[in-house]
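Worth saying up front: this structure is predicted, and the values here are computed from it rather than measured. For the numbers below, each heavy atom of this structure counts, side chains included, while hydrogens, waters and symmetry mates do not. Per chain, numbering begins at 1; letters A, B, ... match sequence-line order.
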Amino acid sequence: MVAITLPDGSVRQFEGPVTGTDIAENISKSLAKKALAVKVDGEVIDLFATIDRDAAVEIVTREHEDALDIIRHDTAHLLAQAVQELFPGTQVTIGPNIEDGFFYDFAREEPFSTDDLEKIEKRMGEIVDEARVTRREVWEREKAIAHFKEIGEHYKAEIIADLPEAEDVKIYFHGDWHDLCRGPHLPSTKHIGKAFKLMKVAGAYWRGDHRNPMLHRIYGTAWTSEKDLKAYLLRLEEAEKRDHRRLGREMDLFHFQPEAQGSVFWHPKGFLIWRALEAYIRRRLDDDGYREVKSPQLLDSKLWEKSGHWGKFRENMFVVPDEIPSTDDDAPVLSGEAALMALKPMNCPAHIQIFNQGIKSYRDLPIRMAEFGCCHRNEAHGALHGLMRVRQMTQDDAHIFCREDQIAEETVRFLNLFARVYEDMGMTDIAYKLATRPEQRAGDDATWDRAEKALGDALTAAGLKFEYAEGEGAFYGPKLEFHLTDAIGRTWQAGTYQLDYVLPERLDATYVDETGAKQRPVMLHRAVFGTFERFIGLLIEHYAGKLPFWLAPVQVVVATITSEANAYAENVLAQLRAAGLRAELDIRNEKINYKVREHSHGKIPVIAVVGAREAEEEKVSLRRLGEKQQEVASLEDAITALAADALAPDLREKA
RNA sequence: GCCGCAGUAGCUCAGUGGUAGAGCGCACCCUUGGUAAGGGUGAGGCCGGGAGUUCAAUUCUCCCCUGCGGCACCA
């Protein structure tokens, strides 16, 4: 006897083992029709799998929260079937689910074209109509390897060979087509439905390693209903409008051009955002005990050799020979023999040089040394991405030199600062990651153990949920990474906090302890925004260009209705500016409708409309972005209110 | 760096083996209009760069550059 408990709490008894199908049919015919899989004690399994013990069971239908994952993975199998039928000789590799869909990597000489995608999608639809029935077999490992080798599926054979010994080699059949898979799967291809779409083709290295062959990856999306699919596609379209590269152009914030690939030309409006951010974070740092420095842009390669960066990152550094270029047109410009310097890719070695001036006492620690450091990194071409990944970047960098017993306190202090800043920015959707020791690293394991534990403990103490990013730490120490998500769901590291025992050693930083003995300080690398470039990019996408009032490059546009009000408008502008507001004037010979529309598109937070009436009464009519209503206020009141709104969050706290 | 796609006016895009077009934007004129598009006229292009095929290339081929989507990388 098997007792099955249903979600409503009722219990049904069955003679001997049952399947999900049996249970569904036992409940109702219509449920059996809709059933996709079955959830047994929290684990989703195939409808045809046997249940031979008492269990809590849910029938998974399209409406069930677990349905989507199954449908997506079935769609990946569907894709693989269609591809192999249309392009014989193509090998399958892996095809996992991802956010909003799935991909499948294929090994084939010829890449897939956009036209191919259409054909494949059509074939997928046909296979759905064929309603190929799913069944599962468990194979002997050696037999499976031999079988897949024989049919030319060498990647599959490799995957099976690498499966953990304990794991069954499960082969799923959809009709004749079959694949190694963990499952579960839908009862037939018919159950997938047609709410799927192939999105794009891309290259991807086998096993994510650039030394391996490149496979052809097809990305797709799949949903439980056509409605959801449509909504998703619409969401993508909307997200495109938030793209900071697009908004940067539309709002006249910045541009890029080939002569400075990967470096930003900040336009006046864009740089106003930067200035507001910089002024804000500088005040926050001043208040938090940091002292700001400025270090050289070009430093001798010998320093980078000592720090270890030359060995590990030289290929990403801009190297400059320390010599006068030849003025002889027939001779090579550079001799190739000069000593080398490099544009700094980071500020830490320079900060240690400042630390090393004079003798530091334990009483001096912690020293919190900040710099808005402009760094250059020669990033791979394919890595560049708008403001998010650039070759010239300015970090809101700082290094804290402290004793080991001060790490915990400094970490709490930093997490507090970080939380306050992100709260002020309205960016509270943050993913916390603890990046642990990489394969190539400096320092001994005991030190790494201590350092990783210190960071994990700090996050836990702060009540922050985090995940581990195994092996992704810096070569000198583990990192806390603070990630934000862009408009289309890609995540980017913004803030960072890194523990470093190595650089102080390499660059011989010391302080004198209570006994007069020399000691190594610990170095904490940290950035709140990360870089101004990336953070501004993220801000723009987060707010879809509608930046908070205090950050908006143009806060108020004074727009006239008729030229009668021009003189008054000039007066309003002057007073707004005198109150510290970033205001502009629009006295063009255009209708007020036109001006309102244009400045709304320009994401100007406040339009101050003035006509003859306002001029007469010394008033302004304020219209806030996104609102239909205006409010009419006296000029004095309006300026007082707007000036208060324009205060940066830290200043508002103090006001 | 790797795979794929793309590059035509400031922007979005159409088009063609005989050197180009639209909408928006811009300039000028008319319009002085009360909160998301008033009307007219006009300027603006080495059709990404180089080479090849051709009587002729923006169009076809090759190479390069840049951009886009992924992958790899990210101190």
Side-chain angles (χ1 to χ4, degrees), chain A residues 103 105 110-114 116-117 199-219 243 245-246 249-250 252 255-259 261-262 304 307-317 344-349 375 377-386 388-389 393 395 435 438 472-477 479 481 488 490 492-493 496 498 500 502-503 525 530 534 559-566 587-602 607-614 621-623 625-630 632:
Chain A
F103 66 75
D105 285 349
E110 282 283 293
F112 299 105
S113 68
T114 315
D116 291 339
L117 281 195
M199 304 299 286
K200 57 199 175 195
V201 264
Y205 298 106
W206 167 236
R207 304 215 148 159
D209 189 327
H210 67 278
R211 290 163 300 193
N212 286 340
M214 186 154 266
L215 308 171
H216 302 292
R217 175 172 296 180
I218 297 180
Y219 284 91
D243 191 307
R245 292 164 298 185
R246 175 178 174 151
R249 189 180 56 237
E250 288 175 359
D252 192 19
H255 85 271
F256 291 91
Q257 65 186 53
E259 287 79 359
Q261 197 197 357
W304 304 111
S307 71
H309 294 96
W310 191 255
K312 194 163 181 340
F313 291 112
R314 157 165 103 244
E315 60 176 341
N316 292 316
M317 287 166 70
K344 64 175 171 182
M346 33 134 58
N347 309 298
C348 10
C375 297
R377 295 180 184 176
N378 198 348
E379 305 282 10
H381 284 62
L384 299 175
H385 182 93
M388 303 299 193
R389 193 81 181 270
M393 70 213 79
Q395 303 171 323
E472 288 182 21
F475 72 88
Y476 48 69
K479 306 191 280 184
E481 296 179 358
I488 65 167
R490 289 180 285 221
W492 300 91
Q493 180 188 308
T496 182
Q498 310 172 7
D500 178 7
V502 174
L503 281 183
H525 308 241
R534 180 178 291 180
T560 49
I561 293 169
T562 68
S563 56
E564 271 180 278
N566 284 5
I587 55 172
R588 290 174 304 167
N589 176 12
E590 296 291 349
K591 287 195 169 175
I592 193 62
N593 277 350
Y594 183 89
K595 293 184 186 181
V596 165
R597 179 184 150 83
E598 187 175 286
H599 298 305
S600 299
H601 279 164
I607 303 171
V609 175
V610 295
R613 212 152 63 213
E614 285 78 7
S621 165
L622 298 184
R623 182 190 166 108
L625 184 58
E627 286 176 23
K628 292 261 180 283
Q629 283 296 318
Q630 313 97 50
V632 179

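- Note on Ala559(A): nothing from the nucleic acid sits closer than 4.0 angstrom, heavy atoms only.
- Residues satisfying the ring-ring contact (aromatic ring centres under 6.0 Å, His included) criterion with His525(A), sequence neighbours excluded, are His399(A), Tyr476(A).
- In this structure, CG of Asn593(A) is placed 13 Å from P of rG33(B), rounded to the nearest angstrom.
- The CG atom of Asn212(A) sits 10.0 Å away from the OH atom of Tyr205(A) when rounded to the nearest 0.5 Å.
- Whole-Å rounding puts the Glu590(A) CD to rG34(B) P distance at 15 Å.
- Checked by atom type and distance alone, the side chain of Gln630(A) pairs as donor or acceptor with a backbone atom of Lys628(A) at under 3.5 Å.
- In terms of heavy atoms, Val201(A) sits closest to Leu117(A) at CG1-CD2, 4.2 Å.
- Atoms CD1 and OG, on Ile587(A) and Ser563(A) in that order, are 9.0 Å from each other to the nearest 0.5 Å.
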Check nucleotides 23-30 of chain B for protein N or O atoms closer than 3.5 Å to its own N or O atoms and list the pairs.
none

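- Looking at residues two or more places apart in sequence or on another chain, you find no side-chain hydrogen bond (donor to acceptor under 3.5 Å, both in side chains) involving Arg314(A).
- Between the OG1 atom of Thr560(A) and the CD1 atom of Ile592(A) there is a distance of 7.0 Å, given to the nearest 0.5 Å.
- For Ser600(A) against rU35(B), no side-chain N or O and base N or O form a donor-acceptor pair under 3.5 Å.
- Protein atom NE2 of His255(A) is 12 Å distant from nucleotide atom P of rG67(B), rounded to whole Å.
- Only the P atoms considered, rU61(B) is 12 Å distant from rC5(B), to the nearest whole Å.
- A straight line from CD1 of Ile561(A) to P of rU35(B) spans 8 Å, rounded to a whole angstrom.
- Within the 4.5 Å cutoff, side-chain heavy atoms of Gln395(A) are placed close to those of Asn347(A).
- rG25(B) and rA20(B) are spaced 26 Å apart, taking the P atom of each and rounding to whole Å.
- For the ring-ring contact (aromatic ring centres under 6.0 Å, His included) test, no residue two or more places apart in sequence or in another chain qualifies with Trp310(A).
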Output a table of nitrogen or oxygen pairs between the protein and nucleotides 6-14 of chain B separated by less than 3.5 Å.
{"residue": "rC11(B)", "atom": "O3'", "partner": "Arg249(A)", "partner atom": "NH2", "Å": "3.4"}
{"residue": "rU12(B)", "atom": "OP1", "partner": "Arg249(A)", "partner atom": "NH2", "Å": "3.4"}

Table of protein N/O atoms under 3.5 Å from nucleotides 43-51 of chain B N/O atoms:
none

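- Between the C1' atom of rU35(B) and the NE2 atom of His599(A) lies a distance of 12 Å, rounded to the nearest Å.
- At whole-Å resolution of the value, CE in Met199(A) and C1' in rC5(B) are 15 Å apart.
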_Per-nucleotide protein contact string for nucleotides 59-65 of chain B (B base, S sugar-phosphate only, - none; heavy atom under 4.0 Å)_ = -------

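- Residues meeting the side chain to side chain contact (heavy atoms under 4.5 Å, CB included) test with Arg588(A), sequence neighbours left out: Asp586(A), Glu590(A), Tyr594(A), Lys595(A), Glu598(A), His599(A).
- Whole-Å rounding puts the Arg314(A) CZ to rG1(B) C1' distance at 17 Å.
- Between the P atoms of rG10(B) and rG49(B), the separation comes to 13 Å (whole Å).
- Every residue meeting the ring-ring contact (aromatic ring centres under 6.0 Å, His included) condition with Phe475(A), not counting sequence neighbours, appears here in chain and number order: His309(A).
- Remark: His601(A) engages no residue in a ring-ring contact (aromatic ring centres under 6.0 Å, His included) (not counting sequence neighbours).
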*Heavy atoms under 4.0 Å is the rule here; annotate nucleotides 68-75 of chain B 5' to 3' with B where the base is hit, S where only the sugar-phosphate is, and - elsewhere.*
SBBBBBBB

*For RNA chain B, what string of dots and brackets results from 5' to 3' when Watson-Crick and G-U pairs need both distances under 3.5 Å, crossing pairs get [ ], and pairs with another strand get |?*
(((((((..((((....[..)))).(((((.......))))).....(((((..]....))))))))))))....

